[in-house]
**Q** 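Attaching a single structure in structure tokens format; questions to follow.
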Amino acid sequence: MNNRDTTLSPIGELFVKSWHVFKKRMVTLLFLYLISLILFGIAFAVFLGTGYLFAILFPDVRQAIIAGGAFIGCIAGFIAMFWGLGSFISAVSDDTLGFKDALERGSQRIGSFIWLFILLGFIITGGFLLFIVPGIIFTVWFMFSQFILASENEKGMNALLKSKEYVRGFWFDVFLRLFLIWLISLVIGFIPVAGPILSIFFIPFMMVFSFLVYQDLRILKSDIAFRPSGGKKMKWIGTALLGYMILPLVFLIYFGAYIAARLNL
């Protein structure tokens with residue numbers, strides 16, 4: 001087996017491949033990325049506007065109606081946004097999908113994408129609360145769960161843990177590639193005036209780049225037959241919960257030490 005069969009594509013080669021895919025799919029990917037943001041705005045505006053209309057009819061409970069409209073609008077907006085996001089990720093993962101097919105695919109998996117990103121956000125945030133380093137490790141491990149949902153139809157914790165299994169043995173190589181593309185994205189975002197516009201174009205490119213890293217891993221690891229036990233799944237929920245508990249605990253210890261010091265004065 002030669003070296004290329006046991007390593008990820010070189011970074012330069014990944015950029016070239018990503019550019020070719022992005023050029024070919026640019027209109028579709030940009031449309032689907034932007035529509036995820038637009039759908040949120042439309043859904044939120046509809047319900048908030050409805051709240052304002054009802055507030056005119058019932059002025060005695062005006063604030064409550066507007067607040068209710070905003071709350072329902074946020075929920076509807078996030079559901080609509082995840083429809084667009086799921087469609088976008090599906091199109092990145094399958095280059096045969098056009099606008100219509102991607103939106104249809106996304107509509108079939110709205111609930112799955114919402115649940116996946118809730119788990120992803122909960123676990124990664126918990127990792128960062130465990131003094132940052134675990135959060136970085138978790139981010140690299142679980143980065144490809146979105147593509148696993150789109151490409152392999154693995155859901156929830158199965159997708160997260162399968163992503164970790166793909167990354168196993170390649171963590172630093174994956175980190176190096178992801179860190180570089182995230183750093184470029186950050187630099188672009190800080191460019192005065194043009195930064196936000198350039199970021200709109202760069203985010204789909206960045207997703208293509210990340211997908212190609214996942215595709216490399218999938219080829220290297222073949223198709224992993226992976227069915228984690230309930231205990232393994234709960235371990236990660238417990239680890240994240242520990243992160244959420246540590247921050248208040250540190251605060252209480254610090255506050256307690258401060259009070260004790262003041263009482264000794």
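Each residue takes its place number in the sequence, starting with 1.
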**Q** Quick check: closest heavy atoms across Ser185 and Met206, and the distance to 0.1 Å?
**A** CB-SD, 3.8 Å
**Q** Please tell me if the side chains of Met26 and Pro204 come closer than 4.5 Å, counting only heavy atoms from C-beta onward.
**A** no
**Q** Decide yes or no on side chain to side chain contact (heavy atoms under 4.5 Å, CB included) for Ile184 and Phe15, but give the supporting numbers first.
**A** CA-CA 12 Å; Ile184 294 171; Phe15 273 103; 3.7 Å; yes
**Q** Step through the shown structure and confirm whether more than 12 heavy atoms of other residues, nucleotides or ligands are within 6.0 Å of CG on Leu183.
**A** yes
**Q** Rounded to the nearest 0.5 Å, how far apart are CE of Met245 and CG of Leu130?
**A** 10.5 Å
**Q** Tell me whether Val61 is reachable from Leu53 by hopping between hydrophobic residues (I, L, V, M, F, W, Y) whose side-chain heavy atoms are closer than 4.5 Å.
**A** no
**Q** Using a 6.0 Å cut-off, check whether atom CD of Glu104 has over 12 heavy atoms from anything other than its own residue.
**A** no
**Q** Counting N and O atoms only, with roles assigned by atom type, does the side chain of Ser163 sit under 3.5 Å from a partner on the main chain of Trp141, one being a donor and the other an acceptor?
**A** yes
**Q** Crowded around Phe71 CZ? As in, over 12 foreign heavy atoms under 6.0 Å?
**A** no
**Q** Of all heavy-atom pairs between Ala91 and Leu32, which one has the smallest distance, and what is that distance?
**A** CB-CD1, 3.4 Å
**Q** Where is the tightest heavy-atom contact between Glu165 and Lys221, given as atom of each residue plus distance?
**A** O-NZ, 2.7 Å
**Q** How long is the straight-line distance from CG of Leu97 back to CG of Leu29, given to the nearest 0.5 Å?
**A** 10.5 Å
**Q** Determine whether a donor-acceptor pair (N or O, by modelled atom type, separation under 3.5 Å) exists between the side chain of Ser90 and the backbone of Gly86.
**A** yes
**Q** Is a donor on one side and an acceptor on the other found under 3.5 Å between the side chain of Asp216 and the backbone of Leu8?
**A** no
**Q** Which atom pair, heavy atoms only, marks the closest approach of Phe144 to Leu178?
**A** CZ-CD1, 4.4 Å
**Q** Give the C-alpha distance, both sets of side-chain angles, the deciding distance and a yes or no for side chain to side chain contact (heavy atoms under 4.5 Å, CB included) between Tyr244 and Thr125.
**A** CA-CA 8 Å; Tyr244 290 96; Thr125 302; 3.3 Å; yes
**Q** Can you tell me how far apart CG (Leu217) and CD1 (Ile148) are? Round to the nearest 0.5 Å.
**A** 9.0 Å
**Q** Students often mix this up, so state it plainly: with edges at 30° and 60°, are the rings of Phe175 and Phe179 parallel, tilted or perpendicular?
**A** parallel
**Q** Hey, does Tyr214 have a side-chain heavy atom less than 4.5 Å from the side chain of Met143?
**A** no
**Q** Mind checking whether Phe44 and Phe40 have parallel, tilted or perpendicular rings, split at 30° and 60°?
**A** parallel
**Q** Any chance you could measure Ile124, atom CD1, to Thr139, atom OG1, to the nearest 0.5 Å?
**A** 4.0 Å
**Q** Between Arg109 and Asn153 (side chain of the first, backbone of the second, donor and acceptor by atom type, cut-off under 3.5 Å), is there such a pair?
**A** no
**Q** Under 4.5 Å between any side-chain heavy atoms of Leu241 and Phe122, yes or no?
**A** yes
**Q** Is Leu119 reachable from Phe113 through a run of hydrophobic residues whose side-chain heavy atoms are each under 4.5 Å from the next?
**A** yes
**Q** Is any side-chain heavy atom of Thr7 closer than 4.5 Å to a side-chain heavy atom of Asp173?
**A** no
**Q** How close do Val92 and Met207 get, heavy atom to heavy atom, and via which atoms?
**A** CG1-O, 3.8 Å
**Q** Between Arg25 and Asp95 (side chain of the first, backbone of the second, donor and acceptor by atom type, cut-off under 3.5 Å), is there such a pair?
**A** yes
**Q** Are side-chain heavy atoms of Asp94 and Arg105 found at a separation under 4.5 Å?
**A** yes
**Q** Can you tell me if CZ on Phe201 sees more than 12 non-hydrogen neighbours from other groups inside 6.0 Å?
**A** no
**Q** Between atom OG of Ser87 and atom CG of Asp101, what is the distance when rounded to the nearest 0.5 Å?
**A** 10.5 Å
**Q** Heavy-atom distance under 4.5 Å between the side chains of Val187 and Trp182, does that happen here?
**A** no
**Q** Would a single hydrophobic cluster contain both Phe190 and Val193, if residues Ile, Leu, Val, Met, Phe, Trp and Tyr are joined by side-chain heavy-atom contacts under 4.5 Å?
**A** no
**Q** Side chains of Asn158 and Lys155, heavy atoms from C-beta outward: is any pair under 4.5 Å?
**A** no
**Q** Out of curiosity, does Ile200 fall in the hydrophobic cluster containing Leu39 (side-chain heavy atoms, cut-off under 4.5 Å, transitive links)?
**A** yes
**Q** Please lay out, stage by stage, how Ile123 and Met157 fare under the test side chain to side chain contact (heavy atoms under 4.5 Å, CB included).
**A** CA-CA 10 Å; Ile123 291 173; Met157 286 299 301; 3.8 Å; yes
**Q** Does any part of the side chain of Phe58, heavy atoms only, come nearer than 4.5 Å to the side chain of Arg62, both counted from C-beta?
**A** no
**Q** Hey, could you give me the CZ/CD1 distance between Arg177 and Ile11, rounded to the nearest 0.5 Å?
**A** 5.0 Å
**Q** Are Phe142 and Trp236 close enough that their ring centers fall under 6.0 Å?
**A** yes
**Q** Could you pull out the closest heavy-atom pair between Phe211 and Ser151, with the gap in Å?
**A** CE1-OG, 3.9 Å
**Q** Carefully, step by step, assess Ile35 and Phe99 under the rule side chain to side chain contact (heavy atoms under 4.5 Å, CB included).
**A** CA-CA 11 Å; Ile35 207 170; Phe99 301 126; over 6 Å; no
**Q** Can Leu180 be reached from Val167 by stepping across I, L, V, M, F, W or Y side chains whose heavy atoms are under 4.5 Å apart?
**A** yes
